[in-house]
Protein chains: 2
Amino acid sequence: MAPSPPHQDTRSRLIESAILHFAAKGYDGTGIREIAKGAKANSALVTYHFCGKEGLFLEALKAVFSRKTSPLTGLQPPLPADAPGARQAALEGLRAYLRAFITELMFCDARDPLDEAAMVLMAREMQSPSEAAAPVLMAHIEPYVTYLMACLSLLRPDLDEEALFLMGNSIQGQVLHFRNSLGIIRLLRGNPAFPEDLEKLIQHFIGFSLRGLGVPEAFPQPRN
Amino acid sequence: MAPSPPHQDTRSRLIESAILHFAAKGYDGTGIREIAKGAKANSALVTYHFCGKEGLFLEALKAVFSRKTSPLTGLQPPLPADAPGARQAALEGLRAYLRAFITELMFCDARDPLDEAAMVLMAREMQSPSEAAAPVLMAHIEPYVTYLMACLSLLRPDLDEEALFLMGNSIQGQVLHFRNSLGIIRLLRGNPAFPEDLEKLIQHFIGFSLRGLGVPEAFPQPRN
DNA sequence: TCAAGGGTTAATCACTCGTTTGAATTGGTC
DNA sequence: GACCAATTCAAACGAGTGATTAACCCTTGA
């Protein structure tokens, strides 16, 4: 029968509509009535269920961040310190990380409008986090940073913390830029703005990152 | 005496205030009365001088983009085709490009609020360009892309257009991400989020980019 | 001296905003 | 059926939106 309490229905319908509308026109550009209409609900319910527009926005953000299962699932836990083969493990860990990051986080199902909207919302929040949303954002991102930095410090033990941070920034930056600046990239290149073949993209990012990081294995052997 | 036509004064004061306010609270989050108050002017003047709020926004964007003289000034014009030393010239061109890009475009005078606001506005427009602003944006960015791609195709003549584009994206992406995501970076690392020493930053970006691109000169010599 | 016109002003327009209110409706329990 | 709390609804509230109006400087040219 799936009776499912009707109030839960409207609640989630409101959140879903909010994600779509906030992504499309921003927080200030979106009206409560608009969202309610999209959810086939009364606008007063926003206040009732979420204590107002801002509460709904926050709830929508939480939903967006927890929507995608963390790409880190399935990756080996923080690497062993200086066990034998630690370096090789870190290398594979970084490769796996980038693959997971790109596939699961960056490239959603373009045919699912809700998925698309979620990405737009996340990107916007990363660029200029709303005060209220900062904790949610941080909690979601922190594990990625930790994992990545662990790999980097194993691969380049000669670098200090600041240099490692710059490496991490450059690696993440490529991929995030690719997602966040799709707007301008599309303007410059037209559609499709990137290779249909996702694997080609992944290989590029992995190769560029490893070379940039200064991992000898990734660099073409000099002819002699 | 400095008589200076009063109408020109208010016009530019309005634009200046608009940049500050639009950057701080976005287009929809900013009211024209707020902007007018910041410019010590009457809100009706927005319509009078700019045909309305949207006109003022567009004018503010134009002002932002033409504010900074193009970092490409002073760089050698498009490189010679296959003249002798073309490769070395391209290498130096890319280094100079990155240096100019970082210093002049990415890192404004942080003590100048107007400069800061201009960057915020540009970053936002790059991520999700307003329909009306797209042409302005394109015109400003296109020369950068052209120059960069010219360097890249000389340094990696073995790559096809798509691969070159990915390289360009990765190179630009690092730097742009660094600027555009200062919000989240500050959250993760606190202040100051990046090295005080600008030169250190430049060297990192140049090194990472050249290695990532696959330029042998940039890679540490294997010990043998 | 006076009309003309661009720049500026306060006052007001019609409209939308997020929120509040109080009544109607629903589903469950006795 | 009677009761209750949770949910939904239409209607209205006050504040604020961008745009418009008509009057008012103040300089300019005849």
Side-chain angles (χ1 to χ4, degrees), chain A residues 1-63 121 124-125 130-133, chain B residues 1-63 121 124-125 130-133:
Chain A
M1 288 307 177
S4 80
H7 63 285
Q8 275 289 7
D9 262 11
T10 42
R11 242 192 81 101
S12 51
R13 277 206 321 273
L14 276 172
I15 292 181
E16 189 166 314
S17 174
I19 293 176
L20 289 172
H21 283 87
F22 281 141
K25 309 179 58 172
Y27 181 80
D28 289 309
T30 307
I32 268 187
R33 290 167 175 82
E34 202 177 340
I35 297 176
K37 180 180 288 184
K40 296 190 202 308
N42 190 292
S43 68
L45 293 180
V46 170
T47 302
Y48 177 75
H49 282 296
F50 307 98
C51 305
K53 185 188 185 183
E54 195 163 324
L56 172 56
F57 179 68
L58 213 68
E59 218 58 39
L61 268 190
K62 282 185 195 165
L121 221 50
R124 187 142 55 221
E125 217 52 34
S130 335
E131 185 131 359
Chain B
M1 294 305 175
S4 83
H7 62 285
Q8 275 289 7
D9 262 12
T10 42
R11 241 191 82 99
S12 51
R13 278 208 319 276
L14 276 173
I15 292 182
E16 191 166 312
S17 173
I19 293 176
L20 288 173
H21 283 88
F22 281 141
K25 310 178 62 173
Y27 180 82
D28 290 310
T30 307
I32 54 171
R33 289 169 176 81
E34 202 177 340
I35 298 176
K37 181 180 286 184
K40 295 189 203 308
N42 190 293
S43 69
L45 292 179
V46 170
T47 302
Y48 179 75
H49 282 295
F50 306 98
C51 305
K53 185 188 185 184
E54 195 163 325
L56 171 56
F57 178 69
L58 214 69
E59 218 58 40
L61 267 191
K62 283 186 195 167
L121 222 48
R124 187 143 52 221
E125 217 52 32
S130 335
E131 184 131 359

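Values in this document were obtained by computation on a predicted structure and should not be read as measured data. Reminder, nothing fancy here: chain letters follow the sequence lines and each chain counts from 1.
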### Query
Which listed nucleotide (C/dG18, D/dT8, D/dT21) is nearest to the side chain of A/Thr10?
D/dT8
### Query
Of the nucleotides C/dT8, D/dA19, D/dC9, which one has an atom closest to the side chain of A/Asn42?
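From the listed options, D/dC9 comes nearest.
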Report yes if the side chains of [X] and [Y] come closer than 4.5 Å at any heavy-atom pair, otherwise no.
| X | Y | result |
| --- | --- | --- |
| B/Glu16 | B/Ile19 | no |
| A/Tyr27 | A/Ser130 | no |
| B/Leu45 | B/Phe50 | no |
| B/Arg11 | B/Tyr48 | no |

What is the distance, rounded to the nearest whole Å, between atom [atom1] of [X] and atom [atom2] of [N]?
| X | N | atom1 | atom2 | value |
| --- | --- | --- | --- | --- |
| A/Phe50 | C/dT19 | CZ | C1' | 16 Å |
| A/Phe57 | C/dT19 | CZ | P | 14 Å |
| B/Ile35 | D/dA19 | CD1 | P | 11 Å |
| A/Ile32 | D/dC13 | CD1 | P | 19 Å |
| A/Glu54 | C/dC17 | CD | C1' | 15 Å |
| B/Asp28 | D/dG18 | CG | C1' | 12 Å |
| A/Lys37 | C/dT16 | NZ | C1' | 13 Å |
| B/Leu45 | D/dT21 | CG | C1' | 14 Å |

Tabulated below should be each protein N or O lying under 3.5 Å from an N or O of nucleotides 24-26 of chain D; please produce it.
none

#### Entry: Short side-chain N/O contact to C/dG6 OP1/OP2 from B/His49, under 4.0 Å
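The answer is no; no side-chain N or O of B/His49 sits under 4.0 Å from OP1 or OP2.
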### Query
Relative to B/Phe22, does B/Lys53 satisfy both conditions: NZ or CZ under 6.0 angstrom from the six-membered ring centre, and within 45 degrees of the ring's axis?
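Geometry flag: not set, cation outside 6.0 Å or 45°.
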### Query
Do the side chain of A/Arg33 and the base of C/dG18 come within less than 3.5 angstrom through a donor-acceptor pair of N or O atoms?
yes
### Query
For B/Lys40 and A/Lys53, take the nucleotide of DNA chain C holding the closest heavy atom to each; which residue's nucleotide lies nearer the 5' end?
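Closer to the 5' end of DNA chain C: B/Lys40.
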Ignoring hydrogens and angles, write down the donor-acceptor pairs under 3.5 Å from the side chains of residues 33-41 of chain B, residues two or more places apart or on other chains.
unit_1	atom_1	unit_2	atom_2	d
B/Glu34	OE1	B/Gly31	N	3.4

### Euclidean distance, B/His49 NE2 relative to B/Leu14 CG, rounded to 0.5 Å
6.5 Å
### Task
Could you pick out which residue, A/Tyr48 or A/Ala44, lies toward the 5' side of DNA chain D when each is mapped onto its nearest nucleotide?
A/Tyr48
